[in-house]
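Each residue takes its place number in the sequence, starting with 1. Predicted, not measured: the structure shown is a model, and the values here were computed from it.
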Amino acid sequence: YDMIKGGDFRAREANVYRAAEVSNLVIDHYTALGVPFARDYGGTIDNRSFGGVQVSRTFYAKGQTGQQCLLGAYSALTRQIKAGTVTMYPRRDLLDIVVVEGKARGIITRNLVTGEIERHSAHAVVLATGGYGTIYYLSTLALNSNASAAWKAHRKGALFANPSFVQIHPTSIPVMNSYQSKLTLMSESLRNDGRVWVPKQAKDPRKPNDIPEEDRDYYLERRYPAFGNLVPRDVASRAAKERCDAGFGVGPTGLSVYLDFRDAIKKKGEKVIESSYGNLFDMYEKISGESPLKTPMRIYPAGHYTMGGLWVDYNLMTTIPGLFAVGESNFSDHGANRLGASSLMQCSGDGYFILPYTITDYLADDIKTPRIQTNIPEFEKTEAEVKERIKKLLGINGTETATSFHKRLGKIMWDYCGMVRNEEGLKKALVLIKELEVEFWKNLKVTGSDSELNQELEKAGRVADFFELGKLLCMDALNRK
């Protein structure tokens with residue numbers, strides 16, 4: 001119910017029901033892998049509330065649940081690598097999907113260290129390549145996170161669903177200068193004990209601790225008394241933007257709101273709060289120079305997660321037979337807005353408890369198909385197209401880096417296809433994106449060559465894909481009048 005309602009009733013209900021069914025298995029599995037979930041006094045696994053729900057049912061590992069689940073999953077994978085059941089190809093960039101007689105039969109990759117173009121064949125291909133939130137340039141995602149794998153699949157015929165459904169996370173550390181390249185996420189769990197507020201007086205010059213209770217506007221508690229500070233992420237983000245746009249924002253830029261732990265510390269004690277969020281508080285203090293134990297955090301929304309992605313059926317297969325997409329790279333489970341911790345649950349459920357059954361059902365029909373050879377015309381043609389594109393990127397020899405184009409594209413997307421969108425702005429964004437894309441293909445500068453480690457070349461290919469995806473996002477949003 002929470003996932004369907006939180007996603008504004010735009011998720012596929014059958015997939016959501018199945019995700020709920022396997023969610024307990026996911027927790028048990030990670031516990032068996034050694035993930036140190038928090039425990040209550042009696043020793044059983046503890047849980048707490050997250051945004052968009054009114055009960056405590058999110059299992060957590062302090063403020064680093066995702067990282068601990070990643071370490072658990074990766075340790076299990078490395079065990080299989082050592083056992084010889086899995087072969088890893090690290091430092092590879094997927095550049096295209098190979099389709100043979102209508103079915104996905106392999107991929108073309110680039111060795112990021114040597115630059116060598118490689119062919120890999122398979123009876124089925126699975127994309128677990130995440131989302132495209134970095135299209136905004138400044139986001140909470142890793143710098144190398146990108147849309148290229150999913151976009152290559154789309155270019156080969158896989159349908160894209162709900163591309164404009166992007167989640168803006170409400171608790172990011174605000175932009176501090178014009179030259180930073182990413183934003184830092186503060187876990188949503190902080191809203192369990194932190195209270196979000198702004199001064200009642202616009203552009204109040206006082207420091208937060210000097211503003212008395214009667215001059216504070218706890219706007220989420222005021223507007224949404226049933227959920228309070230734990231409203232869904234899209235609601236919290238829009239509310240923060242509205243307050244800042246109205247002149248009540250705080251900090252040097254006026255583009256942030258306070259997240260205050262004063263009352264929680266009074267009620268539970270500093271030790272309890274520090275034990276729950278200590279690593280997050282340390283991270284915030286290193287970045288901002290202020291301790292959340294002494295002064296309220298400043299937060300502002302940032303691009304975070306993409307609910308849209310490749311269209312998949314109930315078996316997680318795209319419209320290209322044999323090409324599967326799991327986790328954030330598909331569209332199926334979250335509708336128009338994801339609830340807190342659901343991405344970990346969905347990608348783990350897809351990978352551990354759903355795909356092993358659905359992909360084997362598909363492969364059963366291929367039981368007599370021999371190993372796919374990589375010297376067939378389809379591989380030759382796809383590799384030639386990949387090499388031609390690399391040659392084209394290197395041959396422009398303009399004056400601007402891929403990062404500078406990405407930054408300008410990100411501003412267009414954030415201003416016109418971010419938290420607030422309208423018809424006029426989206427039409428303007430389409431014009432601006434097309435103009436910038438023309439400039440990109442005339443004035444891009446990629447240093448180095450294609451036969452070495454070349455991060456500028458990697459970025460250029462990803463930004464080129466972002467231009468095409470950006471137009472699709474705006475078109476999708478424009479068609480949702």
Assess, by modelled atom type and distance only, whether the side chains of Lys428 and Tyr416 contain a donor and an acceptor separated by less than 3.5 Å. yes

Rounded at 0.5 Å granularity, tell me how far CD1 in Ile108 sits from CD1 in Ile117. 8.0 Å

Using 4.0 Å as the upper bound for N to carboxylate O, is an ion pair formed by Arg110 and Asp450? no

When you look at Phe466 and His406, which way does the ring pair (Phe, Tyr, Trp, His ring centres under 6.0 Å) test go after all the steps? CA-CA 8 Å; Phe466 275 143; His406 189 185; 5.2 Å; yes

Any carboxylate oxygen within less than 4.0 angstrom of a Lys/Arg side-chain nitrogen, looking at Lys427 and Glu423? yes

Are any of the side-chain nitrogens in Lys434 or Glu439 under 4.0 Å away from the carboxylate oxygens of its partner? no

Check this for me: does any side-chain nitrogen of one of Glu378 and Arg105 sit under 4.0 Å from a carboxylate oxygen of the other? no

Would a distance-only check, ignoring hydrogens and angles, find a side-chain to backbone donor-acceptor pair under 3.5 Å from Asn192 to Ser189? yes

Check whether more than 12 heavy atoms from other residues, nucleotides or ligands sit under 6.0 Å from atom OH of Tyr17, and answer yes or no. no

OG1-CE distance between Thr140 and Met186, expressed to the nearest 0.5 angstrom: 11.0 Å

May I ask you to check whether Asn397 and Lys445 show a side-chain donor-acceptor distance below 3.5 Å? yes

Less than 6.0 Å separating the ring centroids of His123 and Tyr362? no

Under-4.0 Å salt bridge between Arg462 and Glu458: yes

Using the ring of Trp441 (Phe, Tyr or Trp, six-membered ring only), decide whether Arg389 places NZ or CZ under 6.0 Å from its centre and within 45 degrees of its axis. no

Below 4.0 angstrom, N of the basic side chain to O of the carboxylate: do Asp282 and Lys286 qualify? no

Do the numbers put Arg119 on top of the ring of Phe379, so that NZ or CZ is under 6.0 Å from the six-membered ring centre and no more than 45° off the axis? no

Looking at every heavy atom in both Ile45 and Phe59, which two are closest together, and how far apart are they? CG2-CD2, 3.1 Å

Asn162 vs Arg480, side-chain hydrogen bond (donor to acceptor under 3.5 Å, both in side chains): CA-CA, chis, key distance, verdict: CA-CA 10 Å; Asn162 303 337; Arg480 296 179 183 275; 3.0 Å; yes

Any donor-acceptor pair under 3.5 Å linking the side-chain atoms of Thr399 with those of Asn443? yes

I want to check a possible cation-pi pair here: Arg10 against Phe165, using under 6.0 Å from ring centre and within 45° of the ring axis as the test. no

Would you say Thr401 and Thr403 are linked by a side-chain donor-acceptor pair, where the criterion is simply a distance under 3.5 Å? no

Would you verify whether the NZ or CZ of Lys156 falls within 45 degrees of the ring axis of Trp151 while also being under 6.0 Å from that six-membered ring's centre? no

N/O donor-acceptor pair under 3.5 Å between Thr360 side chain and Tyr357 backbone: yes

Can you confirm whether the side chains of Asp465 and Ser148 place a donor and an acceptor under 3.5 Å from each other? yes

For Arg39, does the CZ atom have more than 12 heavy-atom neighbours from other residues, nucleotides or ligands under 6.0 Å away? yes

CA sep, side-chain torsions, deciding dist, call: Glu452, Thr114, side-chain hydrogen bond (donor to acceptor under 3.5 Å, both in side chains): CA-CA 5 Å; Glu452 61 183 345; Thr114 66; over 6 Å; no

Less than 6.0 Å separating the ring centroids of His120 and Tyr89? yes

Once you measure the plane-to-plane angle for Phe467 and Phe405, does it fall in the parallel (<30°), tilted (30-60°) or perpendicular (>60°) bin? perpendicular

Whether Glu437 and Lys471 form a salt bridge (side-chain N of Lys/Arg under 4.0 Å from carboxylate O of Asp/Glu) is what I want to check. yes

Is there a donor-acceptor contact under 3.5 Å linking the side chains of Asn315 and Thr358? no

Indicate whether any N or O donor in one side chain lies under 3.5 Å from an N or O acceptor in the other, for Asn15 and Gln346. no

Going by atom types only, do Gln167 and Asn337 share a side-chain donor-acceptor pair under 3.5 Å? yes

Distance alone, cut at 3.5 Å: any donor-acceptor contact between the side chains of Thr85 and Gln80? yes

